[in-house]
Trainee: 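This is the structure I want to talk about, given as structure tokens.
Worth knowing before you read on, the calculation uses all heavy atoms, side chains too, and leaves out hydrogens, waters and symmetry mates.
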Amino acid sequence: MVSKTIKSYLPAIAALLFVLTGPATQSEAGVNVNVDDGRVNVDVGGEGVYVNVGNNLPATRFAAPPDLVVIPGTYVYMVPDIDVDVLFYQGDWWRPYQGRWYRSLDYDGQWSYVEAERIPSGLRALPQDYRHRLSTGYELIPHGDVKRNWRHWEKEKHWDSRAEHGRGEHGEHDHGSQGGHDRKGR
């Protein structure tokens, strides 16, 4: 039986198939549709097309934009002290879940599945125990500071230079190098 969620996406899937196959018939285009685990896989003439119609991520909501911490030795930021992994890397929000990765433009936005080969190397290189690598008393970085400064910090190797000067990844901080603090994350 097809779930209600998948049924609601069937018109969009049909339109996608029409666009992909054009005037060709199903037998000419070799169209195969497979519905599995909330996903629809469409194969058109040997060209695989992935259509995401939902995911099984547990919902995560924040009362306010979350503060972040930098994962030592990386330029990946994570939301600490929550039961799920919510990461920020190079302008996007990421969630690993059950061996898969999901991306969003917002920390509690629409999460989309990302194929393994499209996951940035900085995320793939994270050690399995990255949650446990944070030192006690780690430094919280306001959401707005990370959003404004991540590009500059990565380009200038901000966290590397802080470690070289003996402050470590979580010492005294100056997040205001590009516009100051905004504790409300704006």
Side-chain angles (χ1 to χ4, degrees), residues 38-39 49-186:
R39 296 181 318 276
V49 177
Y50 179 80
V51 180
N52 183 15
V53 295
N55 60 51
N56 60 349
L57 280 174
T60 301
R61 297 286 176 229
F62 298 91
D67 289 337
L68 298 143
V69 297
V70 65
I71 298 171
T74 75
Y75 283 83
V76 178
Y77 303 85
M78 68 177 276
V79 178
D81 303 323
I82 61 173
D83 293 333
V84 298
D85 293 337
V86 178
L87 308 170
F88 180 86
Y89 183 65
Q90 295 185 334
D92 289 318
W93 293 87
W94 294 86
R95 285 190 62 189
Y97 182 69
Q98 294 184 344
R100 297 180 181 180
W101 283 86
Y102 299 85
R103 179 177 55 208
S104 176
L105 297 176
D106 196 25
Y107 57 88
D108 62 358
Q110 298 280 333
W111 297 99
S112 298
Y113 172 74
V114 177
E115 296 286 338
E117 61 274 4
R118 293 180 174 255
I119 299 166
S121 60
L123 293 173
R124 286 194 314 257
L126 283 175
Q128 291 291 335
D129 65 343
Y130 66 85
R131 280 185 149 270
H132 305 292
R133 291 186 177 221
L134 300 178
S135 61
T136 53
Y138 52 77
E139 172 186 343
L140 290 175
I141 309 167
H143 168 268
D145 289 353
V146 175
K147 291 288 283 184
R148 273 189 305 277
N149 297 313
W150 71 266
R151 208 177 257 113
H152 173 75
W153 289 341
E154 192 166 329
K155 180 181 175 187
E156 300 297 321
K157 303 295 182 199
H158 177 76
W159 302 114
D160 297 345
S161 64
R162 290 169 55 85
E164 290 170 9
H165 290 97
R167 291 190 293 209
E169 287 86 4
H170 303 291
E172 287 288 317
H173 66 281
D174 172 19
H175 300 299
S177 63
Q178 297 252 318
H181 283 328
D182 182 349
R183 290 282 173 193
K184 293 184 179 171
R186 290 178 286 195

Trainee: Check whether any side-chain heavy atom of Tyr130 sits under 4.5 Å from a side-chain heavy atom of Thr74, and report yes or no.
Mentor: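 No. Closest side-chain heavy atoms not under 4.5 Å.
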
Trainee: More than 12 non-hydrogen atoms from neighbouring residues, nucleotides or ligands closer than 6.0 Å to CZ on Arg131, yes or no?
Mentor: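 More than 12 heavy atoms, drawn from other residues, nucleotides or ligands, come within 6.0 Å of this atom.
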
Trainee: Output, in order, the C-alpha distance, side-chain angles, deciding distance and verdict of side chain to side chain contact (heavy atoms under 4.5 Å, CB included) for Tyr138 and Val70.
Mentor: CA-CA 9 Å; Tyr138 52 77; Val70 65; over 6 Å; no

Trainee: Could you tell me the separation between the CH2 atom of Trp93 and the OH atom of Tyr77, rounded to the nearest 0.5 Å?
Mentor: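 Trp93 CH2 to Tyr77 OH: 11.0 Å, rounded to 0.5 Å.
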
Trainee: Measure the acute angle between the ring planes of Phe88 and Trp150, then classify it against the limits of 30° and 60° as parallel, tilted or perpendicular.
Mentor: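 Ring orientation, 0 to 90° scale: perpendicular.
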
Trainee: Do Tyr97 and Tyr102 pass the ring-ring contact (aromatic ring centres under 6.0 Å, His included) test, and can you show the C-alpha distance, the side-chain angles, and the key distance before you say yes or no?
Mentor: CA-CA 8 Å; Tyr97 182 69; Tyr102 299 85; 7.0 Å; no

Trainee: Within the distance-only criterion (no hydrogens, no angle test), does the side chain of Arg124 pair as donor or acceptor with the backbone N or O of Ile119 below 3.5 angstrom?
Mentor: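 Indeed, once roles are kept as given, a pair shorter than 3.5 Å links the two residues.
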
Trainee: Of all heavy-atom pairs between Arg61 and Asp108, which one has the smallest distance, and what is that distance?
Mentor: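 Arg61 and Asp108 have their closest heavy atoms at NH1-O, 3.0 Å.
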
Trainee: Let me confirm one number: the CG-CZ distance from Leu123 to Arg103, rounded to the nearest 0.5 Å.
Mentor: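 With rounding to 0.5 Å, CG (Leu123) is 10.0 Å from CZ (Arg103).
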
Trainee: If you define the side chain from C-beta out and look only at heavy atoms, does anything of Leu87 sit under 4.5 Å from Asp92?
Mentor: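 When only atoms from C-beta onward are counted, Asp92 and Leu87 do not touch, as no gap falls below 4.5 Å.
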
Trainee: Would you name the heavy atoms of Ile141 and Trp153 that are closest together and state the gap between them?
Mentor: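 Distance-wise, the nearest heavy atoms are CG2-CH2, 3.9 Å.
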
Trainee: Would you give the length of the straight line joining atom NE2 of His158 to atom OH of Tyr75, rounded to the nearest 0.5 angstrom?
Mentor: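 So the NE2 of His158 and the OH of Tyr75 are separated by 8.0 Å.
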
Trainee: For Met78, run the side-chain contact (heavy atoms from CB on, under 4.5 Å) check against Leu126, Val69, Leu68, Val86 and tell me which one passes.
Mentor: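 So, applying the side-chain contact (heavy atoms from CB on, under 4.5 Å) to Met78 and each of Leu126, Val69, Leu68, Val86, only Val69 qualifies.
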
Trainee: Distance check, rounded to the nearest 0.5 Å: Tyr107 atom OH versus Thr60 atom OG1?
Mentor: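 Answer rounded to 0.5 Å: 12.0 Å.
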
Trainee: Answer yes or no: is there an ion pair linking Asp85 with Arg95, defined by an N-O contact shorter than 4.0 Å?
Mentor: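 Between Arg95 and Asp85 there is no salt bridge, as every charged N stays at least 4.0 Å from the carboxylate O atoms.
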
Trainee: Atom CD of residue position Gln128 - does it have more than 12 heavy atoms of other residues, nucleotides or ligands inside 6.0 Å?
Mentor: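 No - once you tally the heavy atoms of other residues, nucleotides and ligands closer than 6.0 Å, there are 12 at most.
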
Trainee: Quick one: are the ring centres of Tyr89 and Trp94 less than 6.0 Å apart?
Mentor: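 Aromatic pair excluded; centres sit 6.0 Å or further apart.
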
Trainee: Which value, rounded to the nearest 0.5 Å, describes the distance between Glu156 atom CD and Asn149 atom CG?
Mentor: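 Reported value, rounded in 0.5 Å steps: 11.5 Å.
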
Trainee: Mind checking the CG-CD spacing from Leu57 to Gln110? Nearest 0.5 Å is all I need.
Mentor: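 Output value for this atom pair is 11.0 Å.
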
